[in-house]
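Here's the structure, in structure tokens; my notes come after.
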Amino acid sequence: MTTELESELQTAVERRRNFAIISHPDAGKTTLTEKLLLYGGAIHEAGAVKARRAQRKATSDWMEMEQQRGISITSTVLQFEYQGSQINLLDTPGHQDFSEDTYRTLAAADNAVMLVDAAKGLEAQTRKLFEVCRMRSLPIFTFINKLDRPGREPLELLDEIERELGLQTYAVNWPIGMGDRFQGVFDRQKRQIHLFERMAHGSREAKDTVVDIGDPRIEELLEPDLYYQLKEDLEVLEELGPQLDFEQVHNGKMTPVFFGSAMTNFGVELFLNSFLDYALKPGSHNSTIGEITPTYPEFSGFVFKLQANMDPRHRDRIAFVRVCTGRFEKDMIVSHARTGKTVRLSRPQKLFAQERESIEEAYAGDVIGLNNPGVFAIGDTIYTGQKLEYEGIPCFSPELFAYLRNPNPSKFKQFRKGVSELREEGAVQIMYSVDEAKRDPILAAVGQLQFEVVQFRLQNEYGVETQLDMLPYSVARWVAGGWSALEKVGRLFNTVTVKDSWGRPVLLFKNEWNLHQVQADQPELKLNTSAPVVAGQEPESL
């Protein structure tokens, strides 16, 4: 590698920060995302890049169904510059029915921001997503939100994180008051108090007054009981709390904690500034040729998400690619690890929710959008130079199953196209009966809302009305060893065999008890809770 290219790649990696936001629904994730974009200068008024009809909506929730229901149901990528850094923000759905989309997105993240509601503390979906971050040893930054409403004591919240997640906590800032009396935060690193001025709905940056801890004006600006409470809390933190240890942070064992209110913008800018200093830069990835550093001179990346119809007028299909190494260039020709084919990467795009713009180059840590004419699948690796392949992204065990019927034969082509494209992007898993007479696809989902989204999108984007016939199963297991292993054990009771989109055998059980019964009767039959990730296989055509 030339010294010039080495220097260019190193500089690009140093500038980049990449993170995903995880939380339980209603913790304020979409609001925080908007406010980070506001402070990053990516939008001028929170709540909207103005829509054509002057209707205000969240930038990250671009799908019509998201706007109707007020929830995030698909991951989006938001890229912007802030203080000389290139930030890739991966916004994920908080609703548990879309947790598989979140799992895939976390595979592309270098850091995670865990958003916690100050009144509710840790909630079920936050814990579940935290475990995924832990498996990947992601650094976790905690933002305790909604301090502008009555909530639990800050020390109690820190204790809950340490006790339930086994994470050491370090409070980077500390709240002054709560609810209607929430006036600002104390920055422990700079020993400064930030007093905020409330803005209408937090649509613009909050104005703050910065005062050093020893400044005599504090007693005029702060009510005495709030000032004494702050001093008391700080004494406890200094005596009992740990020191900030970046090695522990980067190994996912300590979480820097920030307090604030995304709705009123209190503490958001302080969080963003500290995050840039503390976050892990793009790092190495495991591959079939060993661990690859981001400054490896050849380009490589992997597909972690597919999305159909981001622009319904053009029926487009976009592959989201996390750049892992080297420099991506427009129109470059790469090798596709799974198929062995070469692909020209024309019309690459920088992603900003539903909006896109053409880009000429990208580096490790960036996420780019590529047009996908059916070439890419989730987990695919693309590369130049020596062949390599990154670890795949598995499908997780669904819990709801239903035949998807198309009652209108004249819409057969649209039905098949819609199901195929939604399956490609991972909106839902598709399985089939082994009985050739039953051609209707079986939808397999983590939650009921996935079914609703598929039916809504088939109607809205493909013009196809559909019917669901629910199946009485709640557990799926992939057969290790495939069809040959299944044939060896002979007839099985209390289960039905189907095949997934890749033609692999899957056993469906009515409940865990039936599963345990089969495992007891057939101890030599090995079953997996997630689909095996196999390179070089094409999914079966619908």
task: Go through the steps to decide whether I318 and N371 satisfy the test side-chain contact (heavy atoms from CB on, under 4.5 Å), and finish with yes or no.
output: CA-CA 5 Å; I318 300 295; N371 285 310; 3.6 Å; yes
Of D500, T529, N528, the one forming a side-chain hydrogen bond (donor to acceptor under 3.5 Å, both in side chains) with W478 is D500
- Item | Output field: ring centroids Y383/H336 closer than 6.0 Å | no
Only residue of T381, I382, D380 satisfying side chain to side chain contact (heavy atoms under 4.5 Å, CB included) with E389 is T381
L471 vs Y403, side-chain contact (heavy atoms from CB on, under 4.5 Å): CA-CA, chis, key distance, verdict:
CA-CA 7 Å; L471 293 168; Y403 275 113; 3.8 Å; yes
Closest heavy-atom pair, A109 versus L138, reported as atoms and distance to 0.1 Å, is O-CD2, 3.3 Å
- Check whether any side-chain heavy atom of L90 lies under 4.5 Å from a side-chain heavy atom of F19, and answer yes or no. no
A119 and P150 have their tightest heavy-atom pair at CB-O, 3.6 Å
**Request:** Go through the side-chain N and O atoms of T169 and T255 and say whether any donor and acceptor fall under 3.5 Å apart.
**Result:** no
**Item:** S300 and Y390: side chain donor to acceptor below 3.5 Å
**Value:** yes
| So, does K35 use its side chain to make a donor-acceptor pair with the main chain of M263 at under 3.5 Å? | yes
Exercise. Does the R17 side chain pair with the main chain of L280, one donor and one acceptor, at a distance under 3.5 Å?
Worked result: no
Starting from the C-alpha separation in whole Å, work towards a yes-or-no answer on side-chain contact (heavy atoms from CB on, under 4.5 Å) for K411 and N406.
CA-CA 8 Å; K411 296 278 189 176; N406 168 29; 4.2 Å; yes
Output for pair (C133 SG, I22 CD1), nearest 0.5 Å, gives 4.0 Å
So, does R134 use its side chain to make a donor-acceptor pair with the main chain of L165 at under 3.5 Å? yes
Begin from the C-alpha positions of I333 and V343 and carry the test side-chain contact (heavy atoms from CB on, under 4.5 Å) through to its verdict.
CA-CA 6 Å; I333 294 173; V343 183; over 6 Å; no
Report task. Check whether any side-chain heavy atom of N514 sits under 4.5 Å from a side-chain heavy atom of Y473, and report yes or no. Result -> no
Heavy-atom nearest pair, F451 first then M470, reads CE1-CE, 3.6 Å
Looking only at heavy atoms, the pair that brings R152 and L157 closest together is O-CD1, 3.9 Å
Across all chains, not counting sequence neighbours, the side chain to side chain contact (heavy atoms under 4.5 Å, CB included) partners of N88 are N18, Q79, Q86, D366, V367
- Message: I'd like to know if the side chain of T495 reaches the main chain of L492, judged simply by a donor and an acceptor atom lying under 3.5 Å from each other, with no hydrogens or angles considered.
- Response: no
>> Do V479 and R504 have side chains that approach each other closer than 4.5 Å (heavy atoms only, starting at C-beta)?
In response: no
dist S346:OG -> M332:CE (nearest 0.5 Å) comes out at 13.0 Å
**Item:** Other residues, nucleotides, ligands: >12 heavy atoms within 6.0 Å of E465 CD
**Value:** no
*On the ring face of F320, is R322 found with NZ or CZ under 6.0 Å from the centre and within 45° of the axis?*
no
Paired with F275, the ring pair (Phe, Tyr, Trp, His ring centres under 6.0 Å) test is passed by just one of F141, F258, F143, namely F141
Next on the checklist: Quick one, S23 and M114 - any side-chain contact, counting heavy atoms below 4.5 Å?
Outcome noted: no
Do S410 and N408 pair up side chain to side chain, a donor and an acceptor below 3.5 Å, judged on atom types alone? yes
Heavy-atom side-chain contact between F328 and V334 under 4.5 Å | no
**Q.** Other residues, nucleotides, ligands: >12 heavy atoms within 6.0 Å of R405 CZ
**A.** yes
Task: Residue pair T466 / Q455, side-chain donor-acceptor N/O under 3.5 Å - done: yes
Ignoring hydrogens and geometry, is there a side-chain-to-backbone donor-acceptor pair from S474 to K510 under 3.5 Å?
yes
For P282 and P294, the nearest pair of non-hydrogen atoms, with its separation, is O-CG, 3.4 Å
### Message
Just so I know, are the side chains of L37 and L78 near enough to count as touching, which here means a heavy-atom distance under 4.5 Å?
### Response
yes
Interatomic distance, CZ@F299 vs SG@C324, rounded to 0.5 Å, equals 8.0 Å
Using modelled atom types and a 3.5 Å cut-off, is there a donor and acceptor pairing between side-chain atoms of N145 and backbone atoms of A262?
yes
Heavy atoms, side chains only, cut-off 4.5 Å: are T142 and L115 in contact?
no
Q | Minimum side-chain heavy-atom gap Q429-M431 below 4.5 Å | A | yes
Rounding to 0.5 Å, atoms CD (E421) and CZ (R457) come to a distance of 9.5 Å
Rounded to the nearest 0.5 angstrom, the CG-CG distance for L468 and L443 is 6.0 Å
>> Can a donor-acceptor pair be found, under 3.5 Å and without considering hydrogens, that links the side chain of T339 to the backbone of K341?
In response: yes
So OG of S137 and NE2 of H250: to nearest 0.5 Å the spacing works out to 13.0 Å
When every non-hydrogen atom of I430 is compared with those of P441, the smallest separation belongs to CG2-CB, 3.8 Å
Donor-acceptor contact below 3.5 Å, side chain S420 vs main chain R416: no
